[in-house]
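Here is the structure we will look at, set down as structure tokens.
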Amino acid sequence: MAPKQTKAEKKIAYDGKLCQLLEEYGQILVVNADNVGSNQLQNIRKGLRGDSVVLMGKNTMMKRSVRIHAEKTGNNVYLSLIPLLVGNVGLIFTKGDLKEVSEEVAKYKVGAPARVGLVAPIDVVVPPGNTGLDPSQTSFFQVLNIPTKINKGTVEIITPVELIRKGEKVGSSEAALLAKLGIRPFSYGLVVLSVYDNGSVFSPEVLDLTEDDLIEKFVAGVSIATSLSLAISFPTLAAAPHMFVNAYKNVLSVAVETDYSFPEADKVKEYLKDPSKFAVAAVAPPAAASGAPAAAAKEEEKKEEPAEESDDDMGFSLFD
């Protein structure tokens, strides 16, 4: 039987393991582990086995190990992890796709009853319908101001009732009623709080961004940069085409108002002298398009008409 490790030996072993994981993995998910049981955590470890490792521990030990490892390696990017180690958190080291790992972790949520004193993570609404409880249990509903009626010898809730609001503590009456109704309103599991990726730290919401979202944000950024460049007359790659177009419009305006001219300006001046040409230019393309079938029809008619006989073909001349 192996001798039991002392606290100092456990700290040294933990420090070595954490430092090894920091060297081996460049991606880390910082997760909250409130109300997560040991069996549930074991199932998560099994589900992530292969390309991910779950490491739990005290925040002080994790911060100390991270700080020492950063000093030994001279790589201060690890220090960005320290502010994230607050509360009941753990670390998931992974080499896989961050989004896929995050989705896999979310699968291992389990239902839990509403325990007294627990802060509700969501709103709890009791649905209307038959509860199956006998009329002697109406006192629970009266204390909580839940409208009921007796139907076929059982208590029936008339309307949906918001029993507990998010952020409120669960009272003894609420917990007892939910237990009697067999409602397990809460679900718990590891919740991703932050993502560390080779020195960069960002929110887990970033993992849900699609390519369309990125394109939309990029286009919005280019639009803002272009507007700013045009407003302060500072040339940039995005604003250059607009600046050239605006400059051309200014030159064209000067040419129209003066005797100065150039080939493109001559066309504009010609249209301005005779505005009817605008209408002709607008109507011409449809007319040409509609004229093509008509011309083809006329050609078909010509082909179908019999050829006229000439005087020579008749064998005599009318003027003989």
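This one's a predicted model, so the numbers in the text were calculated from it and none came from an experiment.
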Report all side-chain donor-acceptor pairs from residues 216-240 shorter than 3.5 Å, counting only partners two or more places apart or in another chain.
| unit_1 | atom_1 | unit_2 | atom_2 | d |
| --- | --- | --- | --- | --- |
| T226 | OG1 | V222 | O | 2.7 |
| S227 | OG | S223 | O | 3.0 |
| S229 | OG | A225 | O | 2.8 |
| S229 | OG | T236 | OG1 | 3.1 |
| T236 | OG1 | A239 | N | 3.2 |

Contacts under 3.5 angstrom, residues 120-132 side chains, donor-acceptor by atom type, not counting sequence neighbours:
| unit_1 | atom_1 | unit_2 | atom_2 | d |
| --- | --- | --- | --- | --- |
| D123 | OD1 | K166 | N | 2.6 |
| N130 | OD1 | G132 | N | 2.8 |
| N130 | OD1 | T154 | OG1 | 3.1 |
| N130 | ND2 | T154 | OG1 | 2.9 |
| T131 | OG1 | L133 | N | 3.3 |
| T131 | OG1 | V155 | O | 2.7 |

With a 3.5 Å cut-off and sequence neighbours excluded, list the donor-acceptor pairs that the side chains of residues 66-87 form with protein atoms.
| unit_1 | atom_1 | unit_2 | atom_2 | d |
| --- | --- | --- | --- | --- |
| H69 | NE2 | E23 | OE2 | 2.9 |
| T73 | OG1 | H69 | O | 2.8 |
| T73 | OG1 | N75 | N | 3.3 |
| N75 | OD1 | V77 | N | 3.3 |
| Y78 | OH | L22 | O | 3.4 |
| S80 | OG | V77 | O | 2.7 |

What side-chain donor-acceptor pairs closer than 3.5 Å can you find for residues 174-185, not counting sequence neighbours?
| unit_1 | atom_1 | unit_2 | atom_2 | d |
| --- | --- | --- | --- | --- |
| E174 | OE1 | G171 | N | 3.3 |
| K180 | NZ | Q137 | OE1 | 3.3 |
| R184 | NH2 | G111 | O | 2.8 |

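Sorted by first and then second residue, the salt bridge (charged side-chain N to carboxylate O under 4.0 Å, His left out) pairs involving residues 6-17 (not counting sequence neighbours) form an empty list. Annotation: salt bridge (charged side-chain N to carboxylate O under 4.0 Å, His left out) contacts involving residues 149-159, sequence neighbours excluded, are absent. Here salt bridge (charged side-chain N to carboxylate O under 4.0 Å, His left out) pairs that include residues 97-115, with residues two or more places apart or in two chains, are K99-E103, K99-D208, E104-K107.
In the hydrophobic clustering of ILVMFWY residues, with side-chain heavy atoms under 4.5 Å counting as a link, V206 and L98 come out together. Clustering ILVMFWY residues whenever any of their side-chain heavy atoms sit less than 4.5 angstrom apart, transitively, puts V192 in the very cluster that holds I92. Residues V30 and L41 are members of separate hydrophobic clusters, defined by side-chain heavy-atom contacts under 4.5 angstrom among Ile, Leu, Val, Met, Phe, Trp and Tyr. Both F202 and V105 belong to a single network of hydrophobic side chains, linked directly or stepwise wherever heavy atoms of I, L, V, M, F, W or Y lie under 4.5 Å apart. When the side chains of ILVMFWY residues are joined at heavy-atom separations under 4.5 Å, either directly or via intervening members, V170 and V110 end up in two distinct hydrophobic clusters.
Using a 4.5 Å heavy-atom threshold, the side chains of V31 and V54 count as separate.
More than 12 non-hydrogen atoms from other residues, nucleotides or ligands lie less than 6.0 angstrom from CD of E162. Counted within 6.0 Å of CZ on R64, heavy atoms from surrounding residues, nucleotides or ligands total 12 or fewer; the atom is thus considered open. For N39, the CG atom counts as loosely surrounded, since its 6.0 Å shell holds 12 or fewer non-hydrogen atoms of other residues, nucleotides or ligands.
Under the side-chain contact (heavy atoms from CB on, under 4.5 Å) criterion, V256 pairs with V268, L272, not counting sequence neighbours. By the salt bridge (Lys or Arg N to Asp or Glu O under 4.0 Å) test, E24 pairs with K95, sequence neighbours left out. Residues satisfying the side-chain hydrogen bond (donor to acceptor under 3.5 Å, both in side chains) criterion with S102, sequence neighbours excluded, are absent altogether. The side-chain contact (heavy atoms from CB on, under 4.5 Å) check on A265 picks up L252, A255, S261, F262, with sequence neighbours excluded. A search for ring pair (Phe, Tyr, Trp, His ring centres under 6.0 Å) contacts involving F141 returns nothing, not counting sequence neighbours.
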Derivation of the side chain to side chain contact (heavy atoms under 4.5 Å, CB included) call for I157 and I146: CA-CA 7 Å; I157 299 175; I146 299 176; 3.9 Å; yes
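For the atom pair CG (L21) and CD1 (I28), the distance works out to 8.5 Å, reported to the nearest 0.5 Å. Interatomic distance, CG of L118 versus CG of N35, reported as 5.5 Å (0.5 Å rounding). The distance from atom CG of L29 to atom CG of L91, rounded to the nearest 0.5 Å, is 9.5 Å. Interatomic distance, OG1 of T94 versus CD of Q27, reported as 6.0 Å (0.5 Å rounding). From S187, atom OG reaches atom OH of Y108 across 15.5 Å, with rounding to the nearest 0.5 Å. Interatomic distance, Y196 OH to S194 OG, rounded to the nearest 0.5 Å: 13.0 Å.
Closest of all the heavy-atom pairs between D34 and N32 is N-OD1, 3.0 Å. Here the shortest heavy-atom pairing between P113 and F186 reads O-CD1, 4.1 Å. Here the shortest heavy-atom pairing between Y14 and S65 reads CD2-OG, 4.3 Å. Taking both residues in full, the closest heavy atoms of S172 and V116 are given as CA-CG2, 3.8 Å, listed atom of the first, atom of the second, then distance. The two residues L193 and P204 make their nearest non-hydrogen contact at O-CD, 3.2 Å. When all heavy atoms of D51 and Y25 are compared, the pair lying nearest together is O-CE2, 3.8 Å.
In this structure a side-chain-to-backbone donor-acceptor pair under 3.5 Å is present from E168 to R165.
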